[in-house]
Amino acid sequence: MNTDCPNVEKCPIFNGILKDRKMTTKSYQIQYCNGGELKYSKCKRFETKVKYGVCPPDLLPNSAMTLEQIAEKYGLTLNS
Ligand code: SF4
């Protein structure tokens, strides 16, 4: 059974903004991405994509913002 987040392959957290921060990336992978649905479903990137259909490239998995604050900051709508 695959317990990885369905967004792992395309998530820019791994090939974009954090590529020079291996320890941080590894920590996110353990805490969210490879931890099964109970964990990745708590990732703000995952939650944002589920609710709004997209996720800003620089949003971090452990962002303290609510989904509503994220939507306001990045101009996301339920139909975006
Ligand atoms: S950072 Fe979040 S959305 Fe990206 S792969 Fe990990 S759990 Fe999925």
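For ligands, and for the atoms within them, numbers begin at 1 and follow the listed sequence.
- Here is the list of ligand 1 atoms found below 4.0 Å of a heavy atom in Arg45: 1 (S), 2 (Fe), 3 (S).
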Taking it one step at a time, do Phe46 and Tyr40 satisfy ring pair (Phe, Tyr, Trp, His ring centres under 6.0 Å)?
CA-CA 7 Å; Phe46 179 85; Tyr40 71 66; 5.1 Å; yes
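- Of all heavy-atom pairs between Met65 and Tyr74, the closest is CE-CE1, 4.3 Å.
- Under a 4.0 Å N-O distance rule, the pair Lys42/Glu37 does not qualify as a salt bridge.
- The option from Cys55, Cys33, Ser41 that lies nearest to atom 7 (S) of ligand 1, judged by heavy atoms, is Cys33.
- For the side-chain contact (heavy atoms from CB on, under 4.5 Å) with Pro61, the lone residue among Cys11, Cys43, Ser27, Cys33 that qualifies is Cys43.
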With side chain to side chain contact (heavy atoms under 4.5 Å, CB included) as the criterion, how do Ile13 and Arg45 come out once you've worked through the C-alpha distance, each side chain's angles and the decisive distance to 0.1 Å?
CA-CA 9 Å; Ile13 286 292; Arg45 295 190 54 80; 3.3 Å; yes
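- Between the OH atom of Tyr32 and the CG atom of Leu38 there is a distance of 13.5 Å, given to the nearest 0.5 Å.
- Remark: ligand 1 atoms within the under-4.0 Å shell around heavy atoms of Tyr40 are 7 (S).
- Close to ligand 1: Phe46, with a non-hydrogen atom less than 4.0 angstrom away.
- Taking a cut-off of under 4.0 Å to the non-hydrogen atoms of Pro61, the atoms of ligand 1 that pass are 1 (S).
- In summary, Cys11 places an N/O/S atom under 2.8 Å from atom 4 (Fe) of ligand 1, meeting the contact criterion.
- For atom 2 (Fe) of ligand 1, the N/O/S atoms of Cys43 include one lying under 2.8 Å.
- The contact set between ligand 1 and Val8, taken as ligand atoms under 4.0 Å from a residue heavy atom, comprises 5 (S).
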